[in-house]
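Here is the structure we will look at, set down as structure tokens.
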Amino acid sequence: MSISTSVLAELLNALPHWRSQMYFKSSLTALSHAMEDRILAGTDAPLAIASFQRERFYRQEAHRYRRIAQRGDQVYVLSAPETDFTNHSGDYETIAFDSSDALAQEWHLIIISSQYTNCLICRERSNPNTHPLQNAIDNNRRFEGIWTFDREVTLKAAEILLDRIAIYRPELSEKIEQARHQYLVPRSASSRRQTPEISPEVNPDPFVQRLVTYLQASQYKLLKAYRSIAAQEQRERLIHLMTVAIRQSLDPDEILEIAVEKLGQVLGACRCLVYRCKESDKTAKIKHEFLDAEIQSAHNHTWPLANNPLFQEVLTHRESICIADTVSDERLNPQQLSQSLQDLIQNFSIASWLLVPIFYKNKLQGIVELHHCGPIQENWTREEVSLVEAVATQMGVALIQAESYANLEDLNQQLEALDRTRSNLVAITGHELRTPLSTIQICLESLSSEPDMAEELRDVMLSTALEDAERMRKLIQDFLTLSQLESGRVEWNPETLSLEECISLSLSNTVARRGRANVPEIVAPITHDLPLVYADGEWLVEVLAKLLDNACKFSDPDSQIRIEAYPRSDHWIEVMVADNGRGIEPKRLKNVFDRFYQEEGALQRTTGGTGLGLAICRQIIQRWQGEIWAESAGKNQGSQFYFTVPLADVQAPLMPPKTSSGKTKKKRESL
Ligand code: ADP
């Protein structure tokens, strides 16, 4: 059985001149206890009706009701059962109602004795927005209703509740009727029956009323204190979270993501944004956003800054801006506002707006924005603003810290690379330069000190000196080429080219350099209809020549080298130079492009070379944003080197970047 009408509503309906008042739970508990104590202190047999929201509340008071029941037999206790509370006739009558019944939200106590009448008829006011900490404090629960000694009200309330009890427990109708007859009699009738009038001394109304007011005021103060503790706790938790996040992450994006998420959640905003910007920025891109459900996302949207009066105000006053209502705020007067900002407010339904700058040492790092988008305007409280400001301060520190770390990392990597280059250079110089230099020196010394040397020996001496001089020249040449490419100091003349012609040019270079006998068979089945490419011819031939040179160097002269080229997509042609020579271990495939990488190391090298050839190739290919990579099944399984060149008709977006000075770069230095 469940009745959905509230007893309080029914009472107020019957007595429209009565107004309900707000009571904290602690006040109701005190009042109820005082009312019950009064019965226990007296001698007469009253009518007592108590309605508890839930069985657990009744359990706390059950012993009192057993004692009250000793005063008389008209005692009724109602409650929503949780364990074993049922309809029962024992010391007193218990009446169980359904948890969906309106009574489950109400708290009633009615006492009618021959001396006085007193009732408490209240309904709980639920507040879903209450912070969990406040909810946890049970005494802060609030009720609205009537507490009075007024006879008319008490009798009416008793009548309503007795009617209900008769519905829940019809078998008690006779007993209820008896209660009505005995207790629900108006004052005149009761006096006719010689029931004593309520004397002013007996009615403690003014005193108790004051006590209740005092109790209520203290509870209210307590509630306010809890609220401020809760706000403080919330603020500290968030700041702590931010600090932990900062300590754990040195990634600015991660830091901003955490901040936006936490702020949005804690402040219950519809949208929270954080964007990085400098004072001179004209716009900002939204990369970090928290969104409440069904709110339009601003992610990746461009936020206006230059013509945004709010941003300019933040810069001028260097403090936050709170706007409770974007419609009525003077700063956002549509007559003076740029179209882009009007669109922004409209498109993103910004009703209330909070902008908090992120500064580090007075330098702007970004902005935190919070929006409410609902139809009801929201005033930003001082606590909310100071919370966002505190988090913004942490963010400023975090961002600078993360950036310094990133710079340090970069610098470290550069230093490590420099150090590697330096030690490699020392090793190469030690071997590649000193060895041929000493050979040249010995040869020349012998030639000059032995004028009678046999002609054959002279020729050997001369050609050895010349060969070693050539080796040295090549190393220095490669070294210079690589440093020019790396520093961007080379002239770049892209043009439309036939790949076939470049391949044959690199072939003849290789044969001329190595001698026909030292070059394995080279097959290049390139079709004439291969599309034209767009690149600097000189550099393209250099890449091909270096790959061919390596293929010759690391294969037997009686093996075969294969060059293939085919369109890879609408934009690129892929070129392959494959040999079936000594191959590369798969785990080394990436390293071969590193400067000075050589499988044997500088000192055990048998094939000559500088370890710079592939690093040069990679630099050249990167200039046209192509790719270069190597494949090999492993040792003695041959190697395949691939690279991509842009097709001629899509050259425009692939043009290499110009120098910052805009001047023509130097032509390649050559020795
Ligand atoms: P090097 O002048 O030493 O050839 P490169 O930069 O051209 O310098 O090549 C670096 C290293 O990559 C070589 O020393 C060799 O170990 C490996 N490598 C390059 N091409 C091949 C290939 N075709 N087959 C096997 N190993 C190769």
Side-chain angles (χ1 to χ4, degrees), residues 1-36 46-58 61 65 75-81 93-112 116-128 130 138-169 176 179-180 183-184 186 205 208-209 212-213 215-216 219-220 223:
M1 167 75 62
S2 169
I3 300 174
S4 59
T5 338
S6 142
V7 171
L8 176 69
E10 219 177 313
L11 183 66
L12 292 173
N13 211 18
L15 306 166
H17 54 285
W18 278 82
R19 293 272 164 276
S20 58
Q21 193 188 319
M22 202 278 290
Y23 294 95
F24 286 107
K25 187 196 160 188
S26 56
S27 310
L28 290 190
T29 311
L31 283 171
S32 301
H33 282 172
M35 287 165 75
E36 289 155 5
L47 165 68
I49 310 172
S51 181
F52 294 88
Q53 289 174 290
R54 262 166 271 161
E55 185 180 334
R56 78 183 82 141
F57 302 140
Y58 153 72
E61 310 296 333
Y65 282 86
V75 178
Y76 301 86
V77 173
L78 298 90
S79 176
E93 301 295 343
T94 54
I95 300 104
F97 55 78
D98 204 88
S99 60
S100 61
D101 196 294
L103 282 179
Q105 306 303 321
E106 299 188 318
W107 177 330
H108 309 308
L109 179 55
I110 297 168
I111 294 163
I112 303 175
Y116 65 96
T117 57
N118 194 180
C119 77
L120 184 160
I121 303 290
C122 287
R123 176 172 53 193
E124 181 153 14
R125 267 215 330 227
S126 58
N127 184 0
T130 312
D138 199 41
N139 279 339
N140 285 340
R141 286 168 53 205
R142 284 198 251 183
F143 292 78
E144 57 180 339
I146 294 171
W147 168 78
T148 182
F149 288 95
D150 185 277
R151 188 172 180 82
E152 187 193 5
V153 178
T154 310
L155 260 51
K156 185 69 205 168
E159 187 187 315
I160 297 171
L161 270 169
L162 283 174
D163 285 352
R164 292 216 177 184
I165 295 169
I167 296 172
Y168 298 126
R169 292 198 54 191
I176 292 168
R180 278 204 190 99
Y183 297 100
L184 304 194
D205 196 6
V208 179
Q209 194 69 57
V212 171
T213 313
L215 213 76
Q216 292 276 94
Q219 189 62 35
Y220 187 68
L223 181 69

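Predicted, not measured: the structure shown is a model, and the values here were computed from it. Just so you know, residue 1 is the first one in the sequence shown, and it goes up from there. All heavy atoms count here, side chains included; hydrogens, waters and symmetry mates do not.
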Step-by-step side chain to side chain contact (heavy atoms under 4.5 Å, CB included) determination, I110 to T154
CA-CA 7 Å; I110 297 168; T154 310; 3.8 Å; yes
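- S32 places a side-chain N or O within donor-acceptor distance of the main-chain N or O of L28, the cut-off being under 3.5 Å.
- Put simply, the side chain of I146 does not reach to within 4.5 Å of the side chain of Q21, judged on heavy atoms.
- Remark: R19 does not engage E144 in a salt bridge, criterion side-chain N to carboxylate O under 4.0 Å.
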Check the pair L120 / H108 against side chain to side chain contact (heavy atoms under 4.5 Å, CB included), numbers first and verdict last.
CA-CA 5 Å; L120 184 160; H108 309 308; over 6 Å; no
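- Of the inter-residue distances, the one linking H33 atom NE2 with L109 atom CG reads 10.0 Å to the nearest 0.5 angstrom.
- Defined by atom type and a distance below 3.5 Å, a donor-acceptor pair is missing between the side-chain atoms of S51 and E106.
- A side-chain donor-acceptor contact under 3.5 Å links Q53 and R141.
- In this structure, F97 and R164 have side chains that are not in contact, with every pair of non-hydrogen atoms separated by 4.5 Å or more.
- Annotation: side chain of I176 is not in contact with side chain of D163 (no heavy-atom distance under 4.5 Å).
- Checked by atom type, the side-chain pair D98/Y168 shows no donor-acceptor distance below 3.5 Å.
- Counting all heavy atoms, side chain and backbone alike, Y23 lies closest to L31 at CE2-CD1, 4.3 Å.
- Residues L47 and I111 fail the side-chain proximity criterion, which asks for heavy atoms closer than 4.5 Å.
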If you apply the rule side chain to side chain contact (heavy atoms under 4.5 Å, CB included), what do you find for E10 with K156, and how did you get there?
CA-CA 10 Å; E10 219 177 313; K156 185 69 205 168; over 6 Å; no
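- The side-chain heavy atoms of V7 and I121, taken from C-beta on, include a pair separated by under 4.5 Å.
- With rounding to the nearest 0.5 angstrom, the CD atom of E124 is 9.5 Å from the CH2 atom of W107.
- With 3.5 Å as the limit, one finds no donor-acceptor pair spanning the side chains of R151 and T117.
- Here the CG atom belonging to L78 is positioned 6.5 Å from the CG atom belonging to L161, to the nearest 0.5 angstrom.
- Side chains of I165 and I49 form a contact here, defined as non-hydrogen atoms less than 4.5 Å apart.
- For S99 against A80, the heavy-atom pair with the smallest separation is CA-CB, 4.2 Å.
- Y65 and E36 are linked by a side-chain donor-acceptor pair at a separation below 3.5 angstrom, with hydrogens and angles left out of the test.
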Between C119 and T148, is a side chain to side chain contact (heavy atoms under 4.5 Å, CB included) present by the stated rule, with each step listed?
CA-CA 6 Å; C119 77; T148 182; 3.9 Å; yes
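- Put simply, the side chain of Y76 reaches to within 4.5 Å of the side chain of L162, judged on heavy atoms.
- In this structure, R169 pairs ionically with E93, as a charged nitrogen and a carboxylate oxygen lie closer than 4.0 Å.
- Annotation: the span from Q105 atom CD to S4 atom OG amounts to 12.0 Å, rounded to 0.5 Å.
- When all heavy atoms of P81 and A96 are compared, the pair lying nearest together is CG-CB, 3.9 Å.
- The distance from atom CZ of F143 to atom NZ of K25, rounded to the nearest 0.5 Å, is 7.0 Å.
- Of the inter-residue distances, the one linking I3 atom CD1 with T5 atom OG1 reads 7.0 Å to the nearest 0.5 angstrom.
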What do the steps show when you test R180 against E159 for salt bridge (charged side-chain N to carboxylate O under 4.0 Å, His left out), and what is the final call?
CA-CA 8 Å; R180 278 204 190 99; E159 187 187 315; over 6 Å; no
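- Ring-centre distance between F57 and F52: not below the 6.0 Å cut-off.
- Distance alone, capped at 3.5 Å, is enough to place a donor-acceptor pair between the S6 side chain and the L8 backbone.
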